[in-house]
Asker: 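Quick one: structure below, then a few questions.
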There are 2 protein chains.
Amino acid sequence: MSITATARTASAAIDAIERLGVRETFAKDEEIYGQAEPVQRVYRVIHGAVRTTRLLSDGRRQVGEFYFPGDVFGLETGPDHRYSAEALCDCEVLSMKRSAVREDVAAADLQRMIWDATIRELDRTQEHVLMLGRKTACERVASFLLDIVGRNGGAGDLPMSRQDMADYLGLTIETVSRMLSQLQSSAVVEFDALRHFRIRNPQAIARLAA
Amino acid sequence: MSITATARTASAAIDAIERLGVRETFAKDEEIYGQAEPVQRVYRVIHGAVRTTRLLSDGRRQVGEFYFPGDVFGLETGPDHRYSAEALCDCEVLSMKRSAVREDVAAADLQRMIWDATIRELDRTQEHVLMLGRKTACERVASFLLDIVGRNGGAGDLPMSRQDMADYLGLTIETVSRMLSQLQSSAVVEFDALRHFRIRNPQAIARLAA
DNA sequence: CGGTCCATTGATGTCATTCAAGAAAAGTGG
DNA sequence: CCACTTTTCTTGAATGACATCAATGGACCG
């Protein structure tokens, strides 16, 4: 499929989701949907950012994914959600009922969009598995920074806390902090604020991310 | 959707995949498809078992998933495979071209089957993330044994080597071996052969798997 | 029966965690 | 705008879980 055809399909689907969808705003840390709630809606980030998380009974937490403007989330598939979704900062999302997809004339485009988003989700989750299973702390942090920059058009903005990063990377906040300091002191990245960095040595960070 | 409707859809799709598909046999450790090869076919295990793996440049290996009779694999979505698939033991698989799906009269059933299998894959991969990110070695091994039993109708057969288990669980073979010994000595499971066990204390293993 | 491969077990090492303290940033109320 | 509190982040020291290194044991196969 050509790039233009993909773009056309995507924009048609976005038209449909905007026509059928509901805009909602969420305050920082507010729950968008909860673990074990039934799966009913599909969401798209308008602005702000979202995280999905899962808790073990003793409080250990795993962040499944972060979502930025344009990203679709809530695609899980069982009858119930396995992860909950929360606003990372004050944000706005568009959501529509899954059942509405079947009834709409643009259903084909929408279903195509949902399929594409699901595939993308699976790809990213498989990459996440590789990272958690076989990468060192330093490699995980480097991969993460590189991923953020790649998804954000080159900008190094971190809307999430160190705890969120740690729970995404399978590490503790102390280890994340140490690795960030280490990457900075070796001139791979540079932080000009707690949550804003830029890459100083693209080759080095690419090598670390493996 | 009711259980009977699901079963009917599934069997119609299985009919279609059997009509359109090609049976192939693979010897133990033979490659079914390779990392970075284009995604062209969908596969279903007839008998035997399959693993998907991904290699880092320095040889570290991550096993993505194990597939048993009835399971569908090769669902990755990008233009190219991110994981390779290999026969875990001598096995037989059925495969069909993705492009054939569009042309077949039973396409709706088939697409439904592919969708269901993709969702299942995503669920399992998210569970894998949680395990690798936040569970201890002992919990990982316990979760794995429980999963195997659950997928195999209660039988504790391990068609994979300790190395395969380790690369799935993000551990070393020594650690896997130690945890198995530990679970056995605490009477949680019992091995009567290297690759065959049974659960002696279901509550204990469920608690460990968290 | 002997070789090869795979799994287990022990001794030691290392990387990430935990515990603890302090510094920087963000929020709050005057 | 400035004290004050609270939260978040960083850094250091000690501990611990898993990895690595090394040797032995057991299964499979010709």
Side-chain angles (χ1 to χ4, degrees), chain A residues 27-29 51 56 58-63 88-90 131-145 157-186 189-197 208, chain B residues 27-29 51 56 58-63 88-90 131-145 156-186 189-197 208 210:
Chain A
K28 180 171 153 63
D29 293 326
R51 67 169 174 259
L56 256 45
D58 62 355
R60 281 175 287 179
R61 191 180 76 147
Q62 178 66 45
V63 169
L88 209 53
C89 50
D90 293 352
M131 181 168 80
L132 295 175
R134 287 301 180 218
K135 289 190 186 175
T136 64
C138 186
E139 290 168 341
R140 292 182 204 187
V141 171
S143 304
F144 181 74
L145 295 181
D157 293 308
L158 298 172
M160 70 291 290
S161 68
R162 298 291 193 264
Q163 186 65 63
D164 289 328
M165 288 176 57
D167 288 343
Y168 179 75
L169 299 172
L171 301 169
T172 60
I173 55 171
E174 294 96 328
T175 301
V176 169
S177 185
R178 275 184 248 274
M179 295 304 125
L180 290 173
S181 299
Q182 186 179 311
L183 288 173
Q184 175 150 261
S185 68
S186 54
V189 299
E190 181 177 1
F191 278 79
D192 58 313
L194 266 178
R195 298 192 177 185
H196 189 267
F197 68 97
L208 281 171
Chain B
K28 180 172 153 61
D29 293 328
R51 67 168 175 260
L56 256 45
D58 62 356
R60 280 175 286 179
R61 191 180 77 145
Q62 178 67 43
V63 169
L88 209 52
C89 51
D90 293 352
M131 181 169 78
L132 295 176
R134 286 299 179 221
K135 289 190 186 176
T136 65
C138 187
E139 289 168 341
R140 293 183 205 186
V141 171
S143 303
F144 181 75
L145 295 181
D157 292 308
L158 299 171
M160 70 292 290
S161 68
R162 296 291 192 265
Q163 186 65 62
D164 289 326
M165 288 175 56
D167 288 343
Y168 179 75
L169 299 172
L171 301 169
T172 61
I173 54 170
E174 293 96 328
T175 299
V176 169
S177 186
R178 275 184 247 274
M179 295 305 126
L180 290 173
S181 300
Q182 186 180 310
L183 288 173
Q184 175 150 261
S185 69
S186 54
V189 300
E190 181 177 1
F191 277 79
D192 58 313
L194 266 177
R195 297 191 177 185
H196 188 267
F197 68 96
L208 281 172

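Worth saying up front: this structure is predicted, and the values here are computed from it rather than measured. Heavy atoms only: backbone and side chains are in, while hydrogens, waters and symmetry mates are out. Here is the naming used below: chain letters follow the sequence lines, and residue numbers restart at 1 for every chain.
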Asker: Looking only at the side chain of A:Leu171 (C-beta and beyond, no hydrogens), which of the listed nucleotides C:dT8, C:dT17, D:dC18 gets closest?
Answerer: C:dT17

Asker: D:dC9, D:dC18, C:dA7: which one has an atom nearest the side-chain heavy atoms of B:Ser177?
Answerer: C:dA7

Asker: When the distance from CG of B:Leu180 to P of C:dA7 is rounded to whole Å, what number comes out?
Answerer: 10 Å

Asker: Measuring from B:Leu88:CG to B:Ser161:OG, what's the distance to the nearest 0.5 Å?
Answerer: 7.5 Å

Asker: Check this one for me: any side-chain N or O of B:Thr175 less than 4.0 Å away from OP1 or OP2 of D:dC18?
Answerer: no

Asker: Please give, in whole Å, the distance from D:dG25 C1' to B:Leu194 CG?
Answerer: 11 Å

Asker: What's the spacing between B:Glu139 CD and B:Leu169 CG if we round to 0.5 Å?
Answerer: 12.0 Å

Asker: Which nucleotide wins on minimum distance to the side chain of B:Arg178, given the candidates D:dT11, D:dT20, D:dC18?
Answerer: D:dT20

Asker: Where each residue is assigned the nucleotide of DNA chain D containing its nearest heavy atom, which of A:Glu174 and A:Arg134 is assigned the position nearer the 5′ end?
Answerer: A:Glu174

Asker: When the distance from CE of A:Met179 to P of D:dT10 is rounded to whole Å, what number comes out?
Answerer: 12 Å

Asker: Provide, to the nearest angstrom, the distance between the CG atom belonging to B:Leu132 and the P atom belonging to D:dC18.
Answerer: 13 Å

Asker: Just how far, in rounded Å, is P of D:dG26 from CZ of B:Arg162?
Answerer: 15 Å

Asker: How far does CE of B:Met131 sit from OG1 of B:Thr136, to the nearest 0.5 angstrom?
Answerer: 11.0 Å

Asker: Which part of the nucleic acid, if any, lies within contact of A:Arg195, taking any heavy atom under 4.0 Å across all strands shown: a base, the sugar-phosphate backbone alone, or nothing?
Answerer: sugar-phosphate

Asker: Quick one: A:Leu158 CG to D:dC9 P, roughly how many Å, whole number?
Answerer: 10 Å

Asker: Could you check B:Lys28 against B:Ser181 and say which one's nearest nucleotide on DNA chain C is further toward the 5' end?
Answerer: B:Lys28

Asker: Let me know the distance between CD1 of A:Ile173 and C1' of C:dT18, rounded to the nearest Å.
Answerer: 11 Å

Asker: Checking side chain to side chain contact (heavy atoms under 4.5 Å, CB included) against B:Met165, which of B:Met179, B:Met160, B:Arg140 comes through?
Answerer: B:Met160

Asker: For B:Leu169 and D:dA19, give me the distance from atom CG to atom P, rounded to whole Å.
Answerer: 10 Å

Asker: For the pair A:Arg162 and A:Asp167, evaluate salt bridge (Lys or Arg N to Asp or Glu O under 4.0 Å) and give the outcome as yes or no after the intermediate values.
Answerer: CA-CA 9 Å; A:Arg162 298 291 193 264; A:Asp167 288 343; over 6 Å; no

Asker: Between D:dA19, C:dA7, C:dT17, which nucleotide gets closest to the side-chain atoms of B:Thr172?
Answerer: D:dA19

